[in-house]
Amino acid sequence: MGALVVIGVACAWLLLLQLAGASHVVYRDVETAVVAANVPPSIVDPLLRTGYHFQPPKNWINDPNAPMYYEGWYHFFYQYNPKGAVWGNIVWAHSVSRDLINWEAIETAIEPSIPGDQYGCWSGSATTLPDGTPVIMYTGISRPDVNHQVQNVAYPRNRSDPLLREWVKPSHNPVIVPEGGINATQFRDPTTAWLASDGQWRLLIGSAAEGGARGAAFVYRSRDFRRWRRVRRPLHSAATGMWECPDFYPAAPGRAAGLDAAASAPAGRGPRVKYVLKNSLDLRRYDYYTVGAYDEKAERYVPDDPAGDERHLRYDYGNFYASKTFYDPAKRRRILWGWANESDTRADDVAKGWAGIQAIPRTVWLDSSGKQVIQWPIEEVEALRHQPVTLRDTVIKPGEHVEVTGTQTAQADVEVSFEVSSLAGAEPLDPALAGDAERLCGARGADVEGGVGPFGLWVLASANLEERTAVFFRVFRAAAGDKPVVLMCTDPTKSSLNPDLYKPTFAGFVDTDLSEGKISLRSLIDRSVVESFGAGGKTCILSRVYPSLAIDKNAHLYVFNYGKADVKVSLLTAWQMKKPLMNSA
């Protein structure tokens, strides 16, 4: 009876599309997927909505805000439009979780209600005061004509409520206003505050200097979290354009355990502690970070790499923006959130009724050299794994591809370890592209034969490979005496037959030792997002894709090799991923 009902609904849907003038349709029953001739690509298909990434039931979301852990609950706030699937009418939506994977939506936390935010409640952060009270500081828009930005605070109405359902704004808001020549339209996104050795709080606000040419993170100090005074010079600045959504936190090289930025003064942290300063580039729409030293007395931060503000190390080389970390005291780790926007059209978003997701939360730490951030999906996501299949000790010859079967892969977690038989045939690196991974990937994409690579995964692939998203490595021969250069790339140019999509290639170099020819890849596949981690999390790439054929049971997974050297899959494990509780009403 259930099958008959489904078939009846499908037939009715088919009839409606035909009456509407559709030249072809996609038809599915409970057992199989039948693709009719000339099927029109459609990204409004509900099966493209993610299964285990964070998102509300409908409407627009963007920046992650004020993640925190309080009384046994993880709290996540985010920019949200309650009135539609496009940006506007922004409030702070609020969800809670016990495990960072299953989420329950509760009351809106912050919305326009006072002169300091009457035209918008933009991004901010949470700080835990010494008595355990959480406080949120956020950017409010106080004048609509020029997006005049000020900083406000909000406190829980009832600290004994572990869900923190209600927040109140004291009458002394705004607590920070743009003064001293700061552009009021470039003054936003306060960080989590930290308590310094002099007993004063400090926090950063993203801004710009020199007419907007330089990004700047300004330091503000306070003894009571109410009256704040700006330090004359910014903590750091660079010729990048305006900085928004700054983040600043301590980390110990080679130590996966996180450090709480608000708990104690930097002076007590020891000589091996470094600091990470992350900024989101308003004009370029990506996040970059540097690692360096923080001088509390001088109120200055200096990157270890003098060229760090030019090299632009990124958390993620793909669709990942406005990121925010927080310290998780329950598991003594630092967790990173980041927003991934859609890559379709505004009209598509309105039609499907939703836009934007959050990346899977990642644990972050410094590698043993102290030169870069390592990222890995939080361990809790592994609880969603089931129905694993494996591929072991399989050699992929040049020009070959092998399908991984036995589990559904439209919503999956895949881990694979590769071994390259020889690096001798690696192609030389074009000096003109040596500093630009994205251009290099665009020129030497997944379908361009190489010496060592491209090799990797085709994910969300259709049965006949008309659609496929490639996540791969390619190895280049560097100058004499230098180690090989490893490129990691996500190439979605063939991800969909839909012609009206933004399908850029994303790429980053991987700082890894290939002396034994081994490298690993992990990809979290979730219907319209592919989130990949190379070499144990040294290079990460998130891409949004919208297949028209490779949907649900029609999605396939392959390992491929378009290089001239054999590549062995030492071990590949693919798990189907269950759907968690996700903000359902």
Checklist entry - Is there a donor in the side chain of Thr325 and an acceptor in the side chain of Arg334, or the other way round, less than 3.5 Å apart? => result yes
Item to check | Shortest non-hydrogen contact between Gly72 and Arg98, atoms and distance | outcome: O-NH1, 3.0 Å
Checklist entry - Side chains of Ser496 and Glu467: closer than 4.5 Å at any heavy-atom pair? => result yes
Item to check | Lys324/Asp247 ion pair, N-O < 4.0 Å | outcome: no
Checklist entry - Are Trp122 and Gln149 side-chain neighbours, meaning at least one heavy-atom pair lies under 4.5 Å? => result yes
Checklist entry - Using a distance-only test with no angle check, is there a side-chain donor-acceptor pair under 3.5 angstrom linking Arg544 and Ser528? => result yes
Item to check | Under-4.0 Å salt bridge between Glu379 and Lys331 | outcome: yes
Checklist entry - Side chains of Glu403 and His556: is there a donor and an acceptor less than 3.5 Å apart? => result yes
Checklist entry - With no hydrogens and no angle check, do the side chains of Asn464 and Ser462 hold a donor and an acceptor under 3.5 Å apart? => result no
Checklist entry - Does Ala322 offer a backbone N or O that forms a donor-acceptor pair with the side chain of Asp287 under 3.5 Å? => result yes
Checklist outcome for this item: Shortest non-hydrogen pair, Cys441 vs Thr505, comes out as SG-CB, 3.8 Å
Checklist entry - Mind checking whether Gln375 and Tyr315 have side chains closer than 4.5 Å, heavy atoms only? => result yes
Item to check | Results of ring-ring contact (aromatic ring centres under 6.0 Å, His included) for Tyr317 - residues two or more places apart only | outcome: none
Next on the checklist: Show, in sequence, the C-alpha distance, side-chain angles and deciding distance for Phe326 and Phe76, and conclude whether the side chain to side chain contact (heavy atoms under 4.5 Å, CB included) test is met.
Outcome noted: CA-CA 10 Å; Phe326 77 103; Phe76 183 66; over 6 Å; no
Checklist entry - Between the main-chain N or O of Ala355 and the side-chain N or O of Asp349, is there a donor-acceptor pair closer than 3.5 Å? => result no
Checklist entry - Are a donor atom and an acceptor atom from the side chains of Asp63 and Tyr321 found within less than 3.5 Å of each other? => result no
Checklist entry - Should Gln55 and Arg49 be marked as a side chain to side chain contact (heavy atoms under 4.5 Å, CB included) after you check the CA-CA gap, both sets of side-chain angles, and the distance that decides it? => result CA-CA 9 Å; Gln55 60 183 143; Arg49 181 177 169 86; 3.4 Å; yes
Checklist entry - Looking just at side-chain N and O atoms, do Ser125 and Thr191 make a donor-acceptor pair shorter than 3.5 Å? => result no
Checklist entry - Are Ile136 and Pro134 close enough that some pair of their side-chain heavy atoms sits under 4.5 Å apart? => result no
Next on the checklist: Closer than 3.5 angstrom, by distance alone: can the side chain of Asp161 be matched with the main-chain N or O of Asn158 as a donor-acceptor pair?
Outcome noted: no
Item to check | Name of the residue among Trp194, Tyr289, Trp243 meeting ring-ring contact (aromatic ring centres under 6.0 Å, His included) with Phe248 | outcome: Trp194
Item to check | Side-chain heavy-atom pair Glu342, Tyr546 within 4.5 angstrom cut-off | outcome: yes
Next on the checklist: Would you call the rings of His312 and Tyr288 parallel, tilted or perpendicular, taking 30° and 60° as the class edges?
Outcome noted: parallel
Checklist entry - Would a distance-only check, ignoring hydrogens and angles, find a side-chain to backbone donor-acceptor pair under 3.5 Å from Asn147 to Thr185? => result no
Checklist entry - For the residue pair Trp92 and Phe77, does the interplanar ring angle fall in the parallel (under 30°), tilted (30 to 60°) or perpendicular (over 60°) class? => result tilted
Next on the checklist: Regarding Lys352 and Asp344, does a basic nitrogen lie under 4.0 Å from an acidic carboxylate oxygen?
Outcome noted: yes
Next on the checklist: Looking only at the side chains, is there a donor atom on one of Asn81 and Asn89 sitting less than 3.5 Å from an acceptor on the other?
Outcome noted: yes
